[in-house]
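One structure is given below, encoded as structure tokens.
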Amino acid sequence: MTSDLTPHRARSVGARGWVVSYLPGRTLTCAQAVAALRVAEVVPTLLDAVGELADEVGLTALEAVGMAVRQSPWNERPATTRASRRPRADRRRVGVA
């Protein structure tokens with residue numbers, strides 16, 4: 001399989017198996033190989049768009065994507081409710097700091 005949008009390729013390895021140039025060591029179904037090539041087609045465009053934004057904060061596109069995906073968001077405190085307005089001593093007793 002080839003694409004007009006990426007130099008990556010997929011090759012049949014028999015028994016309905018396919019390998020993709022950027023996924024060494026993996027044998028995929030035909031549908032998975034098509035999906036992998038589609039990923040390779042859209043990633044450069046995505047990285048260009050992200051790269052412009054990442055540059056504004058002093059990161060490369062790959063750094064920004066990796067950090068956005070891997071870093072956990074801050075844990076926000078839940079909205080204040082009547083139960084959480086108890087005096088501090090009561091909150092400690094129920095396990096709320």
Side-chain angles (χ1 to χ4, degrees):
M1 284 183 229
T2 62
S3 167
D4 294 339
L5 302 175
T6 179
H8 288 289
R9 305 282 185 258
R11 287 193 184 133
S12 173
V13 292
R16 297 184 178 177
W18 291 82
V19 293
V20 176
S21 57
Y22 75 93
L23 298 172
R26 294 182 184 211
T27 302
L28 307 173
T29 65
C30 182
Q32 290 172 322
V34 169
L37 287 181
R38 292 183 68 199
V39 167
E41 291 175 343
V42 300
V43 165
T45 304
L46 174 65
L47 288 179
D48 285 345
V50 171
E52 292 175 19
L53 299 170
D55 191 49
E56 291 185 37
V57 294
L59 298 171
T60 67
L62 292 176
E63 288 170 331
V65 168
M67 293 174 86
V69 171
R70 289 191 181 125
Q71 294 296 322
S72 297
W74 295 331
N75 289 329
E76 298 295 328
R77 295 191 91 131
T80 303
T81 63
R82 286 182 167 248
S84 65
R85 291 184 189 158
R86 292 183 217 158
R88 202 164 208 16
D90 288 343
R91 285 190 290 172
R92 282 192 198 118
R93 190 181 56 193
V94 295
V96 178

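This chain uses plain numbering: 1 for the first residue, then up along the sequence.
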Are [Y] and [X] co-members of a hydrophobic cluster defined by side-chain heavy atoms under 4.5 Å apart?
X     : Y     : result
Leu62 : Leu23 : yes
Val65 : Val42 : no
Val57 : Val50 : no

Could you give the distance from [atom1] ([X]) to [atom2] ([Y]), rounded to the nearest 0.5 Å?
X     : Y     : atom1 : atom2 : answer
Leu53 : Leu59 : CG    : CG    : 11.0 Å
Arg9  : Ser21 : CZ    : OG    : 7.5 Å
Trp18 : Thr29 : CH2   : OG1   : 10.5 Å

What is the minimum heavy-atom distance between [X] and [Y], and which atoms define it?
X     : Y     : answer
Ala54 : Ala64 : CB-CB, 3.6 Å
Glu63 : Gly58 : OE1-O, 4.5 Å
Leu37 : Ala10 : CD1-CB, 4.1 Å
Tyr22 : Ala36 : OH-O, 2.7 Å

Discussion item. With a sphere of 6.0 Å drawn around CE of Met67, does it hold more than 12 non-hydrogen atoms of other residues, nucleotides or ligands?
Written reply: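 12 or below, so no.
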Fill in: Any side-chain heavy-atom pair of Arg26 and Val20 under 4.5 Å
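The answer is no, as the side chains (C-beta and beyond) never meet within the 4.5 Å cut-off.
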Worksheet item: Does Arg16 reach the main-chain N or O of Gly14 with its side chain, forming a donor-acceptor pair under 3.5 Å?
Response: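 Answer holds: no.
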